[in-house]
Protein chains: 2
Amino acid sequence: MVQYSQSHFDTSFAALSDATRRGVLEQLGRADASITDLASQFHMTLTGMKKHVGILEQIGLVTTEKIGRVRTCKLGQRRLEEEAAWIENYRKIWAARFDALDLIVDELKYTEKLNEPKK
Amino acid sequence: MVQYSQSHFDTSFAALSDATRRGVLEQLGRADASITDLASQFHMTLTGMKKHVGILEQIGLVTTEKIGRVRTCKLGQRRLEEEAAWIENYRKIWAARFDALDLIVDELKYTEKLNEPKK
DNA sequence: TAAATACTGCACCAAATGGTTCAGTATTCT
DNA sequence: AGAATACTGAACCATTTGGTGCAGTATTTA
(Lines give C-alpha, C1' and ligand atoms only; values in the text may rest on other atoms or scores of the structure.)
Protein backbone atom coordinates (compact mmCIF):
# COMPACT_ATOMS: atom_id res chain seq x y z
CA MET A 1 0.00 0.00 0.00
CA VAL A 2 0.97 3.59 -0.46
CA GLN A 3 2.65 5.36 2.41
CA TYR A 4 2.09 9.05 3.02
CA SER A 5 5.03 9.42 5.38
CA GLN A 6 7.77 11.49 3.78
CA SER A 7 9.28 9.39 1.07
CA HIS A 8 12.27 9.90 -1.15
CA PHE A 9 9.78 10.97 -3.83
CA ASP A 10 9.57 14.26 -1.99
CA THR A 11 13.25 14.94 -2.46
CA SER A 12 13.69 13.51 -5.92
CA PHE A 13 10.70 15.27 -7.47
CA ALA A 14 11.77 18.46 -5.70
CA ALA A 15 15.24 18.04 -7.18
CA LEU A 16 13.73 17.71 -10.65
CA SER A 17 11.50 20.74 -10.16
CA ASP A 18 14.43 23.10 -10.67
CA ALA A 19 15.43 23.89 -14.25
CA THR A 20 19.08 24.40 -13.34
CA ARG A 21 19.28 20.97 -11.76
CA ARG A 22 17.56 19.28 -14.70
CA GLY A 23 20.04 21.12 -16.91
CA VAL A 24 22.97 19.88 -14.86
CA LEU A 25 21.74 16.30 -15.19
CA GLU A 26 21.44 16.72 -18.96
CA GLN A 27 24.89 18.27 -19.15
CA LEU A 28 26.43 15.45 -17.13
CA GLY A 29 24.74 13.06 -19.53
CA ARG A 30 26.85 14.60 -22.26
CA ALA A 31 30.09 14.93 -20.33
CA ASP A 32 31.48 15.12 -16.83
CA ALA A 33 32.06 18.66 -15.62
CA SER A 34 33.68 20.66 -12.84
CA ILE A 35 31.79 23.02 -10.57
CA THR A 36 33.35 25.93 -12.45
CA ASP A 37 32.19 24.51 -15.81
CA LEU A 38 28.65 24.11 -14.57
CA ALA A 39 28.56 27.48 -12.80
CA SER A 40 29.61 29.31 -15.94
CA GLN A 41 27.29 27.30 -18.16
CA PHE A 42 24.31 28.18 -15.96
CA HIS A 43 25.39 31.76 -15.20
CA MET A 44 25.69 31.32 -11.51
CA THR A 45 28.26 31.71 -8.77
CA LEU A 46 30.39 28.75 -7.76
CA THR A 47 28.69 28.73 -4.39
CA GLY A 48 25.26 28.61 -5.98
CA MET A 49 26.17 25.76 -8.29
CA LYS A 50 27.84 23.90 -5.46
CA LYS A 51 24.51 23.88 -3.64
CA HIS A 52 22.68 22.44 -6.64
CA VAL A 53 25.31 19.77 -7.11
CA GLY A 54 25.13 19.03 -3.39
CA ILE A 55 21.39 18.44 -3.62
CA LEU A 56 21.76 16.16 -6.64
CA GLU A 57 24.61 14.36 -4.92
CA GLN A 58 22.68 13.81 -1.68
CA ILE A 59 19.96 11.92 -3.50
CA GLY A 60 22.38 9.92 -5.60
CA LEU A 61 21.71 11.47 -8.99
CA VAL A 62 25.25 12.82 -9.12
CA THR A 63 28.58 11.73 -7.70
CA THR A 64 31.62 13.92 -7.37
CA GLU A 65 35.29 13.46 -6.79
CA LYS A 66 37.79 16.12 -5.95
CA ILE A 67 41.19 15.75 -7.53
CA GLY A 68 43.61 18.53 -6.77
CA ARG A 69 41.62 21.73 -6.75
CA VAL A 70 38.99 20.48 -9.17
CA ARG A 71 35.82 18.67 -8.18
CA THR A 72 34.53 16.64 -11.09
CA CYS A 73 30.82 15.81 -11.26
CA LYS A 74 29.35 12.76 -12.99
CA LEU A 75 25.98 11.08 -13.14
CA GLY A 76 25.40 8.93 -10.07
CA GLN A 77 23.83 5.54 -9.49
CA ARG A 78 20.20 6.67 -9.15
CA ARG A 79 18.27 6.05 -12.34
CA LEU A 80 14.88 7.53 -11.36
CA GLU A 81 13.35 4.09 -11.71
CA GLU A 82 10.89 4.48 -8.87
CA GLU A 83 9.92 7.96 -10.03
CA ALA A 84 9.25 6.61 -13.52
CA ALA A 85 7.26 3.78 -11.95
CA TRP A 86 5.18 6.20 -9.87
CA ILE A 87 4.27 8.22 -12.92
CA GLU A 88 3.52 5.11 -14.96
CA ASN A 89 1.27 3.83 -12.23
CA TYR A 90 -0.49 7.18 -12.08
CA ARG A 91 -0.98 7.06 -15.83
CA LYS A 92 -2.58 3.62 -15.51
CA ILE A 93 -4.92 4.80 -12.79
CA TRP A 94 -5.74 7.83 -14.90
CA ALA A 95 -6.49 5.69 -17.95
CA ALA A 96 -8.65 3.30 -15.93
CA ARG A 97 -10.56 6.25 -14.51
CA PHE A 98 -11.24 7.72 -17.92
CA ASP A 99 -12.05 4.37 -19.45
CA ALA A 100 -14.68 4.06 -16.74
CA LEU A 101 -15.94 7.48 -17.74
CA ASP A 102 -16.12 6.37 -21.36
CA LEU A 103 -18.22 3.41 -20.29
CA ILE A 104 -20.59 5.74 -18.49
CA VAL A 105 -20.77 8.01 -21.51
CA ASP A 106 -21.52 5.01 -23.70
CA GLU A 107 -24.17 3.89 -21.28
CA LEU A 108 -25.74 7.34 -21.30
CA LYS A 109 -25.79 7.35 -25.08
CA TYR A 110 -27.47 3.95 -25.02
CA THR A 111 -30.03 5.10 -22.47
CA GLU A 112 -30.72 8.22 -24.48
CA LYS A 113 -31.37 6.06 -27.50
CA LEU A 114 -33.85 3.99 -25.56
CA ASN A 115 -35.59 7.08 -24.28
CA GLU A 116 -35.50 8.81 -27.64
CA PRO A 117 -38.89 10.23 -28.52
CA LYS A 118 -40.33 8.75 -31.71
CA LYS A 119 -39.93 11.12 -34.64
CA MET B 1 17.36 21.55 -28.06
CA VAL B 2 16.63 21.86 -24.41
CA GLN B 3 15.44 25.19 -23.07
CA TYR B 4 16.39 26.35 -19.62
CA SER B 5 13.73 29.02 -19.41
CA GLN B 6 11.12 28.15 -16.82
CA SER B 7 9.10 25.29 -18.20
CA HIS B 8 6.01 23.57 -16.99
CA PHE B 9 8.33 20.86 -15.67
CA ASP B 10 9.13 23.24 -12.85
CA THR B 11 5.54 23.35 -11.70
CA SER B 12 4.57 19.77 -12.38
CA PHE B 13 7.58 18.22 -10.66
CA ALA B 14 7.10 20.66 -7.80
CA ALA B 15 3.47 19.57 -7.56
CA LEU B 16 4.58 15.95 -7.33
CA SER B 17 7.20 16.71 -4.71
CA ASP B 18 4.53 17.02 -2.01
CA ALA B 19 3.29 13.80 -0.43
CA THR B 20 -0.16 15.24 0.25
CA ARG B 21 -0.62 16.16 -3.38
CA ARG B 22 0.56 12.77 -4.60
CA GLY B 23 -1.87 11.25 -2.13
CA VAL B 24 -4.71 13.40 -3.45
CA LEU B 25 -3.97 12.24 -7.00
CA GLU B 26 -4.01 8.62 -5.86
CA GLN B 27 -7.25 9.16 -3.97
CA LEU B 28 -8.91 10.79 -6.95
CA GLY B 29 -7.79 7.78 -8.99
CA ARG B 30 -9.96 5.68 -6.73
CA ALA B 31 -12.93 8.03 -6.46
CA ASP B 32 -13.92 11.66 -6.84
CA ALA B 33 -13.92 13.56 -3.56
CA SER B 34 -14.97 16.87 -2.01
CA ILE B 35 -12.56 19.28 -0.36
CA THR B 36 -13.94 18.19 3.00
CA ASP B 37 -13.32 14.51 2.19
CA LEU B 38 -9.73 15.20 1.19
CA ALA B 39 -9.07 17.54 4.11
CA SER B 40 -10.21 14.95 6.63
CA GLN B 41 -8.39 12.12 4.88
CA PHE B 42 -5.12 14.04 4.98
CA HIS B 43 -5.65 15.59 8.42
CA MET B 44 -5.61 19.16 7.29
CA THR B 45 -7.82 22.23 7.39
CA LEU B 46 -10.19 22.93 4.52
CA THR B 47 -8.15 26.01 3.67
CA GLY B 48 -4.96 23.98 3.50
CA MET B 49 -6.47 21.32 1.28
CA LYS B 50 -8.05 23.94 -0.92
CA LYS B 51 -4.57 25.27 -1.64
CA HIS B 52 -3.25 21.86 -2.63
CA VAL B 53 -6.23 21.22 -4.86
CA GLY B 54 -5.77 24.69 -6.36
CA ILE B 55 -2.16 23.87 -7.26
CA LEU B 56 -3.13 20.57 -8.85
CA GLU B 57 -5.99 22.26 -10.66
CA GLN B 58 -3.81 25.07 -12.03
CA ILE B 59 -1.54 22.60 -13.80
CA GLY B 60 -4.42 20.49 -15.08
CA LEU B 61 -3.90 17.40 -12.95
CA VAL B 62 -7.24 17.94 -11.25
CA THR B 63 -10.50 19.55 -12.25
CA THR B 64 -13.22 20.64 -9.88
CA GLU B 65 -16.85 21.59 -10.08
CA LYS B 66 -18.89 23.23 -7.40
CA ILE B 67 -22.46 22.06 -7.11
CA GLY B 68 -24.41 23.63 -4.31
CA ARG B 69 -22.05 24.00 -1.40
CA VAL B 70 -19.85 21.07 -2.40
CA ARG B 71 -16.85 21.29 -4.66
CA THR B 72 -16.13 17.91 -6.20
CA CYS B 73 -12.59 17.14 -7.35
CA LYS B 74 -11.70 14.68 -10.12
CA LEU B 75 -8.60 13.81 -12.07
CA GLY B 76 -7.99 16.32 -14.85
CA GLN B 77 -6.78 16.06 -18.41
CA ARG B 78 -3.04 16.15 -17.75
CA ARG B 79 -1.52 12.70 -17.95
CA LEU B 80 2.08 13.51 -17.02
CA GLU B 81 3.14 12.36 -20.46
CA GLU B 82 5.93 14.88 -20.86
CA GLU B 83 7.17 14.26 -17.35
CA ALA B 84 7.30 10.53 -18.04
CA ALA B 85 9.09 11.29 -21.31
CA TRP B 86 11.65 13.50 -19.57
CA ILE B 87 12.48 10.78 -17.09
CA GLU B 88 12.62 8.13 -19.80
CA ASN B 89 14.97 10.28 -21.81
CA TYR B 90 17.13 10.82 -18.75
CA ARG B 91 17.22 7.08 -18.19
CA LYS B 92 18.41 6.57 -21.76
CA ILE B 93 21.12 9.18 -21.39
CA TRP B 94 22.12 7.58 -18.12
CA ALA B 95 22.30 4.14 -19.69
CA ALA B 96 24.32 5.43 -22.65
CA ARG B 97 26.69 7.15 -20.23
CA PHE B 98 27.25 4.01 -18.21
CA ASP B 99 27.54 1.82 -21.29
CA ALA B 100 30.29 4.17 -22.42
CA LEU B 101 31.87 3.74 -19.01
CA ASP B 102 31.71 -0.02 -19.43
CA LEU B 103 33.48 0.34 -22.74
CA ILE B 104 36.19 2.38 -21.10
CA VAL B 105 36.50 -0.17 -18.32
CA ASP B 106 36.80 -2.93 -20.91
CA GLU B 107 39.40 -0.93 -22.73
CA LEU B 108 41.35 -0.38 -19.54
CA LYS B 109 41.26 -4.10 -18.81
CA TYR B 110 42.57 -4.75 -22.30
CA THR B 111 45.30 -2.16 -21.94
CA GLU B 112 46.26 -3.56 -18.58
CA LYS B 113 46.53 -6.95 -20.14
CA LEU B 114 48.85 -5.58 -22.78
CA ASN B 115 50.97 -3.82 -20.19
CA GLU B 116 50.90 -6.73 -17.81
CA PRO B 117 54.37 -7.51 -16.54
CA LYS B 118 55.51 -10.99 -17.47
CA LYS B 119 55.12 -13.33 -14.53
C1' DT C 1 -36.56 30.80 9.92
C1' DA C 2 -32.64 29.11 12.45
C1' DA C 3 -28.81 26.08 12.61
C1' DA C 4 -25.50 23.38 10.48
C1' DT C 5 -22.50 22.50 6.59
C1' DA C 6 -19.08 23.56 2.93
C1' DC C 7 -16.44 26.34 1.15
C1' DT C 8 -13.67 30.82 0.38
C1' DG C 9 -10.56 34.79 1.00
C1' DC C 10 -7.46 37.20 3.83
C1' DA C 11 -3.88 37.75 6.95
C1' DC C 12 -0.47 35.67 9.28
C1' DC C 13 3.52 32.52 10.42
C1' DA C 14 7.77 29.49 10.38
C1' DA C 15 10.65 27.02 7.58
C1' DA C 16 12.66 25.96 3.18
C1' DT C 17 14.61 27.53 -1.27
C1' DG C 18 17.63 29.66 -4.44
C1' DG C 19 20.43 32.87 -4.80
C1' DT C 20 24.28 36.26 -3.27
C1' DT C 21 28.88 38.15 -1.11
C1' DC C 22 32.94 37.67 1.42
C1' DA C 23 36.68 35.60 3.56
C1' DG C 24 39.00 31.80 3.79
C1' DT C 25 42.02 27.19 2.26
C1' DA C 26 44.32 24.23 -0.92
C1' DT C 27 46.48 23.52 -5.35
C1' DT C 28 48.78 24.74 -9.50
C1' DC C 29 51.30 27.74 -12.56
C1' DT C 30 55.19 31.14 -13.56
C1' DA D 1 57.92 32.38 -3.64
C1' DG D 2 54.04 34.80 -5.43
C1' DA D 3 49.97 34.94 -8.25
C1' DA D 4 46.17 32.78 -10.09
C1' DT D 5 42.71 29.16 -9.88
C1' DA D 6 39.09 26.25 -7.74
C1' DC D 7 36.62 25.36 -4.39
C1' DT D 8 34.38 25.83 0.43
C1' DG D 9 31.79 27.58 4.43
C1' DA D 10 29.35 31.09 6.79
C1' DA D 11 26.22 34.66 6.86
C1' DC D 12 22.78 36.97 4.73
C1' DC D 13 18.57 38.04 1.88
C1' DA D 14 14.04 37.90 -0.66
C1' DT D 15 10.65 34.87 -2.09
C1' DT D 16 8.06 30.73 -1.96
C1' DT D 17 5.88 27.03 0.49
C1' DG D 18 2.84 24.69 3.46
C1' DG D 19 0.43 25.32 6.90
C1' DT D 20 -2.82 27.89 10.33
C1' DG D 21 -7.04 30.74 12.26
C1' DC D 22 -10.82 33.68 11.50
C1' DA D 23 -14.54 35.96 9.45
C1' DG D 24 -17.60 35.75 5.86
C1' DT D 25 -20.94 33.82 2.14
C1' DA D 26 -23.88 30.43 0.13
C1' DT D 27 -26.54 26.23 0.55
C1' DT D 28 -28.99 22.71 2.83
C1' DT D 29 -31.39 20.72 6.70
C1' DA D 30 -34.52 20.65 10.71
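Chain A is the first sequence line, chain B the second, and so forth, proteins listed ahead of strands; every chain is numbered from 1.
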Counting only heavy atoms not in A/Glu88, do more than 12 fall under 6.0 Å of its CD?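 Yes, enclosed.
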In whole Å, I'd like the distance from the [atom1] atom of [X] to the [atom2] atom of [N].
X	N	atom1	atom2	result
A/Ile35	D/dG9	CD1	P	11 Å
B/Asp18	C/dT17	CG	P	12 Å
B/Asp10	D/dT15	CG	C1'	15 Å
B/Met49	D/dG19	CE	P	8 Å
B/Glu65	C/dT8	CD	P	13 Å
B/Met44	D/dG21	CE	P	12 Å
A/Phe13	D/dG18	CZ	C1'	19 Å
B/Arg21	D/dT16	CZ	C1'	12 Å

Between [X] and [N], does any side-chain N or O lie under 4.0 Å from OP1 or OP2?
X	N	value
B/Lys66	D/dT27	no
A/Thr45	C/dT20	yes
B/His52	D/dG19	yes
A/His43	C/dG19	no
B/Arg71	C/dT8	yes
A/Arg69	C/dT25	no

5'-most by nearest nucleotide on DNA chain D - B/Gly68 or A/Leu46: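 The residue mapped nearer the 5' terminus is A/Leu46.
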If you take atom types as modelled and just measure distance, does the side chain of B/Lys51 reach the base of D/dG19 with a donor-acceptor pair under 3.5 Å?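 Yes.
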Any N or O donor-acceptor pair linking the side chain of B/Thr47 to the base of C/dG9 at under 3.5 Å?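 Side chain to base: pair present.
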Checking [X] side chain against [Y] main chain: does a donor-acceptor pair fall under 3.5 Å?
X	Y	value
B/Arg30	A/Ile93	no
A/Arg71	A/Ile35	no
B/Arg21	B/Leu16	no
A/Arg79	B/Ala95	no

